[in-house]
Amino acid sequence: MAMISLRNVSIVRGNRTVISHFSAEIAPGTITAIVGPNGCGKSSLMAAIAGDIPIAEGEIFLAEKSLTQLSLHEQASLRSVVMQNRNYWLSFSAAEVVAMGQDSQSLARIPAVLDQLNMTEYAEQSVTTLSGGEAQRVEIARALIRDSQIYLLDEPLASQDSKSKLRIIDCLKKLREEGKTIVIIAHVDREALGWCDQVIDTLA
(Lines give C-alpha, C1' and ligand atoms only; values in the text may rest on other atoms or scores of the structure.)
Protein backbone atom coordinates (compact mmCIF):
# COMPACT_ATOMS: atom_id res chain seq x y z
CA MET A 1 0.00 0.00 0.00
CA ALA A 2 1.21 3.51 -0.85
CA MET A 3 0.48 6.35 1.54
CA ILE A 4 0.92 8.83 -1.32
CA SER A 5 0.36 7.83 -4.94
CA LEU A 6 1.01 10.16 -7.89
CA ARG A 7 -0.37 8.86 -11.15
CA ASN A 8 0.51 10.57 -14.42
CA VAL A 9 0.41 14.00 -12.79
CA SER A 10 0.86 17.17 -14.84
CA ILE A 11 0.90 20.67 -13.31
CA VAL A 12 0.56 23.94 -15.22
CA ARG A 13 1.46 27.29 -13.65
CA GLY A 14 0.53 30.26 -15.80
CA ASN A 15 1.28 29.19 -19.36
CA ARG A 16 4.10 26.82 -18.40
CA THR A 17 3.93 23.09 -17.74
CA VAL A 18 6.12 22.59 -14.68
CA ILE A 19 5.40 18.88 -14.13
CA SER A 20 4.60 16.55 -17.02
CA HIS A 21 3.09 13.06 -16.61
CA PHE A 22 4.91 12.29 -13.36
CA SER A 23 4.21 9.14 -11.33
CA ALA A 24 5.58 7.97 -7.99
CA GLU A 25 4.64 5.83 -4.98
CA ILE A 26 5.54 6.80 -1.42
CA ALA A 27 5.24 4.04 1.17
CA PRO A 28 3.94 4.62 4.69
CA GLY A 29 6.50 5.05 7.45
CA THR A 30 9.19 6.45 5.15
CA ILE A 31 11.04 9.69 4.48
CA THR A 32 11.14 10.81 0.85
CA ALA A 33 13.20 13.74 -0.42
CA ILE A 34 12.39 15.60 -3.63
CA VAL A 35 15.47 17.22 -5.12
CA GLY A 36 16.35 19.02 -8.32
CA PRO A 37 17.34 22.39 -9.78
CA ASN A 38 15.38 25.59 -9.20
CA GLY A 39 12.28 25.77 -11.36
CA CYS A 40 11.90 22.02 -11.88
CA GLY A 41 8.53 21.94 -10.08
CA LYS A 42 9.43 20.68 -6.59
CA SER A 43 7.33 23.21 -4.68
CA SER A 44 4.48 22.96 -7.18
CA LEU A 45 4.38 19.19 -6.74
CA MET A 46 4.30 19.50 -2.95
CA ALA A 47 1.54 22.12 -3.13
CA ALA A 48 -0.46 19.77 -5.34
CA ILE A 49 -0.01 16.88 -2.89
CA ALA A 50 -1.17 19.22 -0.11
CA GLY A 51 -4.27 20.04 -2.16
CA ASP A 52 -3.34 23.71 -2.40
CA ILE A 53 -3.14 23.92 -6.20
CA PRO A 54 -5.00 21.96 -8.89
CA ILE A 55 -3.36 19.52 -11.27
CA ALA A 56 -3.93 19.65 -15.03
CA GLU A 57 -3.86 15.88 -15.55
CA GLY A 58 -3.55 12.67 -13.58
CA GLU A 59 -4.60 11.85 -10.04
CA ILE A 60 -3.18 12.07 -6.53
CA PHE A 61 -4.11 9.61 -3.79
CA LEU A 62 -3.55 10.04 -0.04
CA ALA A 63 -4.02 6.91 2.08
CA GLU A 64 -5.57 5.23 -0.99
CA LYS A 65 -8.22 7.94 -1.38
CA SER A 66 -8.29 10.29 -4.34
CA LEU A 67 -7.50 13.86 -3.35
CA THR A 68 -10.52 15.00 -5.37
CA GLN A 69 -12.79 12.92 -3.15
CA LEU A 70 -11.40 14.27 0.13
CA SER A 71 -13.00 17.30 1.79
CA LEU A 72 -10.79 20.11 3.05
CA HIS A 73 -11.37 18.83 6.59
CA GLU A 74 -10.34 15.30 5.59
CA GLN A 75 -7.22 16.61 3.85
CA ALA A 76 -6.29 18.66 6.92
CA SER A 77 -6.70 15.64 9.18
CA LEU A 78 -4.38 13.57 6.97
CA ARG A 79 -1.44 15.90 6.44
CA SER A 80 0.55 18.70 8.03
CA VAL A 81 2.27 21.14 5.71
CA VAL A 82 5.27 23.45 6.05
CA MET A 83 5.65 25.78 3.09
CA GLN A 84 8.37 28.38 2.53
CA ASN A 85 8.31 32.16 2.82
CA ARG A 86 6.01 32.68 5.77
CA ASN A 87 5.89 36.36 6.71
CA TYR A 88 4.63 37.64 10.07
CA TRP A 89 3.26 41.13 10.63
CA LEU A 90 1.55 40.84 14.04
CA SER A 91 3.62 40.72 17.22
CA PHE A 92 2.50 37.39 18.61
CA SER A 93 5.14 35.35 20.41
CA ALA A 94 6.61 32.28 18.76
CA ALA A 95 4.79 30.05 21.24
CA GLU A 96 1.48 31.81 20.55
CA VAL A 97 1.85 31.29 16.80
CA VAL A 98 2.67 27.60 17.28
CA ALA A 99 -0.47 27.20 19.41
CA MET A 100 -2.88 29.04 17.11
CA GLY A 101 -5.83 26.94 15.93
CA GLN A 102 -4.57 23.72 17.53
CA ASP A 103 -6.62 21.12 19.38
CA SER A 104 -5.94 20.06 22.97
CA GLN A 105 -3.86 17.04 21.91
CA SER A 106 -1.58 19.21 19.77
CA LEU A 107 -1.29 21.85 22.48
CA ALA A 108 -0.05 19.21 24.90
CA ARG A 109 2.81 18.39 22.52
CA ILE A 110 4.10 21.96 22.28
CA PRO A 111 6.68 21.92 25.14
CA ALA A 112 8.33 18.75 23.86
CA VAL A 113 8.51 19.97 20.26
CA LEU A 114 9.84 23.39 21.26
CA ASP A 115 12.56 21.63 23.24
CA GLN A 116 13.39 19.24 20.38
CA LEU A 117 13.81 22.17 17.98
CA ASN A 118 15.75 24.26 20.55
CA MET A 119 13.08 26.98 20.47
CA THR A 120 12.51 27.48 24.19
CA GLU A 121 14.96 30.38 24.38
CA TYR A 122 12.88 32.46 21.96
CA ALA A 123 9.42 30.98 22.60
CA GLU A 124 8.19 34.23 24.16
CA GLN A 125 9.88 36.48 21.61
CA SER A 126 7.80 38.32 18.98
CA VAL A 127 7.79 36.46 15.68
CA THR A 128 8.38 39.76 13.86
CA THR A 129 11.87 39.90 15.40
CA LEU A 130 12.97 36.35 14.54
CA SER A 131 15.66 35.42 12.05
CA GLY A 132 14.71 33.48 8.91
CA GLY A 133 15.82 30.18 10.41
CA GLU A 134 14.00 30.82 13.70
CA ALA A 135 10.77 31.75 11.91
CA GLN A 136 11.08 28.63 9.78
CA ARG A 137 11.30 26.51 12.93
CA VAL A 138 8.07 28.12 14.18
CA GLU A 139 6.30 26.76 11.10
CA ILE A 140 7.99 23.37 11.47
CA ALA A 141 6.86 23.22 15.10
CA ARG A 142 3.27 24.04 14.05
CA ALA A 143 3.34 20.97 11.81
CA LEU A 144 5.14 18.61 14.17
CA ILE A 145 2.79 19.14 17.11
CA ARG A 146 -0.06 17.74 15.03
CA ASP A 147 -0.59 13.98 14.99
CA SER A 148 -0.88 13.55 11.22
CA GLN A 149 -0.29 10.55 8.98
CA ILE A 150 1.63 12.65 6.43
CA TYR A 151 4.08 15.52 6.90
CA LEU A 152 4.98 17.70 3.89
CA LEU A 153 7.91 20.08 4.39
CA ASP A 154 9.23 22.47 1.74
CA GLU A 155 12.96 23.04 2.35
CA PRO A 156 12.88 22.49 6.14
CA LEU A 157 16.68 22.56 6.33
CA ALA A 158 17.13 25.86 4.49
CA SER A 159 18.35 28.81 6.59
CA GLN A 160 19.31 26.46 9.45
CA ASP A 161 22.71 26.11 11.06
CA SER A 162 24.29 22.67 11.30
CA LYS A 163 22.97 21.95 14.81
CA SER A 164 19.43 22.96 13.91
CA LYS A 165 19.55 20.78 10.79
CA LEU A 166 20.51 17.78 12.90
CA ARG A 167 17.69 18.49 15.35
CA ILE A 168 15.13 18.72 12.55
CA ILE A 169 16.41 15.52 10.93
CA ASP A 170 16.21 13.77 14.30
CA CYS A 171 12.57 14.90 14.69
CA LEU A 172 11.74 13.55 11.23
CA LYS A 173 13.42 10.23 12.00
CA LYS A 174 11.37 9.90 15.19
CA LEU A 175 8.19 10.52 13.23
CA ARG A 176 9.24 7.77 10.82
CA GLU A 177 9.73 5.42 13.77
CA GLU A 178 6.13 6.20 14.74
CA GLY A 179 4.98 5.08 11.29
CA LYS A 180 4.49 8.55 9.85
CA THR A 181 5.14 9.38 6.20
CA ILE A 182 7.36 12.38 5.53
CA VAL A 183 8.07 14.17 2.25
CA ILE A 184 10.62 16.97 2.14
CA ILE A 185 11.98 19.24 -0.55
CA ALA A 186 15.74 19.49 -0.20
CA HIS A 187 18.15 21.71 -2.11
CA VAL A 188 21.20 19.60 -1.28
CA ASP A 189 23.27 16.92 -2.96
CA ARG A 190 21.74 13.46 -3.07
CA GLU A 191 24.75 12.13 -1.15
CA ALA A 192 23.70 14.19 1.90
CA LEU A 193 20.33 12.45 2.08
CA GLY A 194 21.41 9.02 3.27
CA TRP A 195 18.91 9.30 6.14
CA CYS A 196 16.03 9.31 3.64
CA ASP A 197 14.41 6.12 2.35
CA GLN A 198 13.74 7.47 -1.15
CA VAL A 199 15.08 10.35 -3.20
CA ILE A 200 13.05 11.61 -6.17
CA ASP A 201 15.21 13.48 -8.66
CA THR A 202 13.32 12.86 -11.89
CA LEU A 203 11.06 15.92 -12.08
CA ALA A 204 13.22 17.88 -14.53
Counting C-beta onward and ignoring hydrogens, is there a side-chain heavy-atom pair between [X] and [Y] closer than 4.5 Å?
| X | Y | answer |
| --- | --- | --- |
| Asp115 | Val113 | no |
| Ser93 | Val127 | no |
| Cys171 | Leu117 | yes |
| Phe61 | Met3 | no |
| Val18 | Val12 | no |
| Met83 | Leu152 | no |
| Ile60 | Ile55 | yes |
| Ile49 | Leu6 | yes |

Do you know which two heavy atoms are closest between [X] and [Y], and how far apart they sit?
| X | Y | result |
| --- | --- | --- |
| Ile200 | Ala24 | CD1-CB, 4.1 Å |
| Val9 | Ile19 | O-CG2, 3.4 Å |
| Ser10 | His21 | OG-N, 2.9 Å |
| Trp195 | Lys173 | CB-CE, 3.6 Å |
| Arg137 | Ser164 | CZ-OG, 3.5 Å |
| Ile145 | Arg109 | O-NE, 2.7 Å |

Problem - Lys/Arg cation over aromatic Tyr151: Arg79, 6.0 Å, 45° cone - result: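 Ring-cation test returns no.
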Report the distance from atom [atom1] of [X] to atom [atom2] of [Y], rounding to the nearest 0.5 Å.
| X | Y | atom1 | atom2 | value |
| --- | --- | --- | --- | --- |
| Ser44 | Arg13 | OG | CZ | 4.0 Å |
| Gln198 | Glu25 | CD | CD | 9.5 Å |
| Asn118 | Glu134 | CG | CD | 9.5 Å |
| Ser43 | Glu155 | OG | CD | 6.5 Å |
| Ile4 | Gln149 | CD1 | CD | 10.5 Å |

Would a single hydrophobic cluster contain both [Y] and [X], if residues Ile, Leu, Val, Met, Phe, Trp and Tyr are joined by side-chain heavy-atom contacts under 4.5 Å?
| X | Y | answer |
| --- | --- | --- |
| Leu114 | Leu175 | yes |
| Val199 | Val188 | yes |
| Val183 | Leu67 | yes |
| Leu62 | Leu153 | no |
| Ile184 | Ile168 | yes |

Practice task
Run the numbers on Leu90 and Thr128 for side-chain contact (heavy atoms from CB on, under 4.5 Å), then give the verdict.
Solution key: CA-CA 7 Å; Leu90 296 176; Thr128 61; 6.0 Å; no
Problem - Partner of Phe22 under side chain to side chain contact (heavy atoms under 4.5 Å, CB included), chosen from Ile11, Thr202, Asn8 - result: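 Among Ile11, Thr202, Asn8, the one meeting side chain to side chain contact (heavy atoms under 4.5 Å, CB included) with Phe22 is Thr202.
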Exercise for the section: Check each of Thr181, Ile182, Asp197 against Ile26 using the side chain to side chain contact (heavy atoms under 4.5 Å, CB included) test, and report the only one that passes. Expected result: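 One option only clears the test, and that one is Thr181.
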Contacts under 3.5 angstrom, residues 71-78 side chains, donor-acceptor by atom type, not counting sequence neighbours:
| residue | atom | partner | partner atom | Å |
| --- | --- | --- | --- | --- |
| Ser71 | OG | Glu74 | N | 3.1 |
| Ser71 | OG | Glu74 | OE1 | 3.4 |
| Glu74 | OE1 | Ser71 | N | 2.8 |
| Gln75 | NE2 | Leu70 | O | 3.2 |
| Ser77 | OG | Glu74 | O | 2.7 |

Practice task
Evaluate salt bridge (Lys or Arg N to Asp or Glu O under 4.0 Å) for Asp103 paired with Arg146, printing each intermediate quantity in order.
Solution key: CA-CA 9 Å; Asp103 59 25; Arg146 297 185 59 216; over 6 Å; no
Exercise for the section: Answer with yes or no whether the side chains of Gln136 and Ser159 bring together a donor and an acceptor at under 3.5 Å. Expected result: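 There is no such pair between these side chains.
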Practice task
Indicate yes or no for a side-chain donor-acceptor contact from Gln160 to the backbone of Leu157 under 3.5 Å, with no hydrogens or angles considered.
Solution key: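 It does not hold such a pair.
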Problem - Neighbour count above 12 (heavy atom, 6.0 Å) for Phe92 CZ - result: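 Atom CZ in Phe92 is not crowded, with 12 or fewer foreign heavy atoms closer than 6.0 Å.
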Do [Y] and [X] meet the salt-bridge criterion of a basic N to acidic O distance under 4.0 Å?
| X | Y | result |
| --- | --- | --- |
| Asp147 | Lys180 | yes |
| Lys42 | Asp154 | no |
| Asp161 | Lys165 | no |

Exercise for the section: Go through the steps for Leu130 and Val138 under the test side-chain contact (heavy atoms from CB on, under 4.5 Å), then give the verdict. Expected result: CA-CA 10 Å; Leu130 299 181; Val138 170; 3.8 Å; yes
Exercise for the section: Show the numbers, then the answer: is there a side-chain contact (heavy atoms from CB on, under 4.5 Å) between Arg142 and Gln102? Expected result: CA-CA 9 Å; Arg142 281 182 56 79; Gln102 306 293 350; 3.8 Å; yes
Practice task
For the pair Gln116 and Asp170, evaluate side-chain contact (heavy atoms from CB on, under 4.5 Å) and give the outcome as yes or no after the intermediate values.
Solution key: CA-CA 9 Å; Gln116 288 169 352; Asp170 187 55; over 6 Å; no
